[in-house]
Protein chains: 2
Amino acid sequence: MYAPERQQEILRLARDGGRVDVLSLAEEFQVTAETIRRDLKALDRAGLVRRVHGGAIPVGRLDFEPDLAERESTAADEKDRIAKAALAELPTEGTMILDAGTTVARVAAAIPLEASLTVVTHSLPIAARLADHPGIQLHLVGGRVRHRTRAAVDAWALRAYGEIRADVLLVAANGFSAEHGLTTPDLAEAAVKRAAVAAARRVVLLADSAKHGQEHFARFGDLSDVDLLITDSGLSPEDAAAIERGGTEVVRA
Amino acid sequence: MYAPERQQEILRLARDGGRVDVLSLAEEFQVTAETIRRDLKALDRAGLVRRVHGGAIPVGRLDFEPDLAERESTAADEKDRIAKAALAELPTEGTMILDAGTTVARVAAAIPLEASLTVVTHSLPIAARLADHPGIQLHLVGGRVRHRTRAAVDAWALRAYGEIRADVLLVAANGFSAEHGLTTPDLAEAAVKRAAVAAARRVVLLADSAKHGQEHFARFGDLSDVDLLITDSGLSPEDAAAIERGGTEVVRA
DNA sequence: GTTCGTCGTGTCTGTTCATGCCCGATTGAA
DNA sequence: TTCAATCGGGCATGAACAGACACGACGAAC
């Protein structure tokens with residue numbers, strides 16, 4: 001096992017467990033504690049974990065993102081299935097906008113290495129993930145970066161989306177329903193999502209079934225703006241049928 | 001079997017298996033390890049795999065960049081000292097532009113948690129690192145993302161810098177000298193740097209002494225544009241004095 | 001057909017890298 | 001305050017690496 005592989009795995013363990021310690025890692029990987037310390041130092045220098053006595057803590061967990069990690073773990077299965085289904089929607093060649101969000105991030109992580117695409121995103125984690133993908137021409141949408149979601153918002157982002165036209169948009173929402181449309185808690189983010197929706201020829205909404213019926217503060221569109229909804233089997237067939245009557249195709253992964 | 005065929009096959013094996021190692025490839029293809037190393041080097045240069053000790057890993061499999069901090073492990077010490085010295089230049093309150101580059105990234109990593117700043121950057125790694133800093137209001141400059149440097153360039157970036165005015169800019173250069181000014185290998189990046197220089201009231205150049213006297217393809221400014229040069233003690237006192245006569249303060253960390 | 005340059009490959013040699021071990025310094029919990 | 005766990009730097013070692021050079025195949029120009 002190569003050192004970078006081990007570091008990658010350590011990072012994953014840290015993110016999963018919220019913390020790792022030197023000795024168990026040493027045992028786990030069958031190397032000495034010194035080597036683990038070096039790995040943690042490297043990860044620390046890369047800004048991915050924060051070194052503490054006896055181990056390390058992933059940075060995202062550090063101060064005030066318990067919910068990002070938590071959200072990551074809840075409904076993980078559903079999100080994975082949704083992400084997998086969304087892969088089928090990638091254009092083989094063309095332009096795609098990726099919204100911020102953990103489910104969309106999973107799709108991004110799963111884009112095959114042979115793919116050849118132009119991707120536009122305002123999400124920092126997704127951009128970081130795709131930056132070294134050899135087949136992807138990545139365009140970053142700038143703006144003020146919100147701490148919680150690590151996505152760019154405000155004037156620069158709105159203007160950028162106003163200037164482009166993409167084949168497909170993968171968008172996330174915190175709540176969706178026929179009555180209340182697509183909603184999210186933050187007004188600035190809703191504005192960016194709305195701009196992204198307007199910039200795409202085909203809108204694909206990724207949302208697990210728990211989001212159905214929820215409504216949040218800021219509305220950024222109607223369900224009728226969505227061409228395809230990819231969700232999980234937690235959405236009842238009746239609800240799905242009702243949505244399809246509104247003109248939105250539904251995939252229950 | 002021709003070299004490009006072999007490389008294509010190596011790439012396929014790497015993507016299928018997630019990793020390859022030099023010795024098995026050498027056996028597999030009935031060539032020496034040196035030849036495999038050359039193949040891997042070529043694939044690495046093409047940005048298709050990441051070289052590791054003993055083998056290679058296809059890009060995208062690792063979602064972190066182990067070497068962005070370590071890539072130029074040469075002069076690591078100097079860079080650390082320069083970064084430390086640069087911390088003193090942070091405004092206590094105000095706006096700062098951070099250019100892309102490993103040295104600048106180290107400064108970003110070292111910004112104290114209690115700092116309260118507005119930061120603007122077009123560097124993806126730096127943005128990722130600062131995104132969850134509680135005291136920093138982060139503004140991301142968008143644009144096409146260059147694979148090699150993970151920095152945004154082109155129209156969006158140029159326009160964004162044209163619209164702002166910051167207190168301090170920390171800028172990096174691949175070469176600097178009184179005669180040839182500030183240079184970097186890439187034209188698009190030079191344009192962004194030039195725009196950033198124009199957007200800042202005070203320009204601080206971070207460059208280790210090995211960069212002195214070097215000149216690269218694209219020039220983005222003169223040494224006289226720089227208010228403060230932070231370098232290491234490898235720059236001779238005479239050179240430093242000469243630069244200071246040009247109106248640029250010099251710190252040899 | 002000969003000659004020359006180029007390219008891919010192999011060989012050699014000194015250098016770098018990853019890791020393990022050791023020891024004094026530091027830390028944090030009782 | 002004390003003491004055991006942990007850390008970090010230095011050093012050793014074997015594997016892996018990089019650069020220089022040589023050899024042979026191939027193709028172009030004469």
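A note on names: the letters A, B, ... follow the listed sequences, proteins ahead of strands, and every chain is numbered from 1. The shown structure was predicted, so the numbers you read here are calculated from the model rather than taken from an experiment.
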Exceeds 12 heavy-atom contacts within 6.0 angstrom, atom CD of A:Glu93: no
I need the [atom1]-[atom2] distance between [X] and [N], as an integer number of Å.
| X | N | atom1 | atom2 | result |
| --- | --- | --- | --- | --- |
| A:Asp44 | D:dC7 | CG | P | 12 Å |
| B:Glu5 | C:dT9 | CD | C1' | 16 Å |
| A:Met1 | C:dT19 | CE | P | 11 Å |
| B:Leu40 | C:dT9 | CG | C1' | 15 Å |
| A:Arg51 | D:dT6 | CZ | P | 11 Å |
| A:Phe29 | C:dT19 | CZ | C1' | 16 Å |
| A:Gln7 | C:dT19 | CD | P | 8 Å |

Can you figure out which of D:dG9, C:dT19, D:dG19 approaches the side chain of B:Lys41 most closely? D:dG19
Check [Y] with [X], please: is the shortest side-chain N to carboxylate O separation under 4.0 Å?
| X | Y | answer |
| --- | --- | --- |
| A:Arg146 | A:Asp186 | yes |
| B:Arg201 | B:Asp167 | yes |
| B:Arg50 | B:Asp44 | no |
| A:Asp80 | A:Arg106 | yes |

Apply salt bridge (charged side-chain N to carboxylate O under 4.0 Å, His left out) to residues A:Arg6 and A:Glu9 and explain how you reach the verdict. CA-CA 5 Å; A:Arg6 192 177 50 239; A:Glu9 190 61 16; over 6 Å; no
Hey, which of these two, A:His53 or A:Arg6, hits DNA chain C nearer its 5' end, going by closest nucleotide? A:Arg6
Answer yes or no: is there a donor N or O on one side and an acceptor on the other, between the side chain of A:His147 and the main chain of B:His133, under 3.5 Å? yes
Can you check whether A:Tyr2 and B:His53 have ring centres sitting under 6.0 Å from each other? no
For residues 31-39 of chain A, which residues have at least one heavy atom under 4.0 Å from DNA chain C? A:Val31, A:Thr32, A:Glu34, A:Thr35, A:Arg38
Residues in contact with DNA chain D, drawn from residues 11-25 of chain B - heavy-atom cutoff 4.0 Å: B:Val22, B:Leu23
Answer yes or no: is there a side-chain heavy-atom contact under 4.5 Å between B:Lys193 and B:Asp99? yes
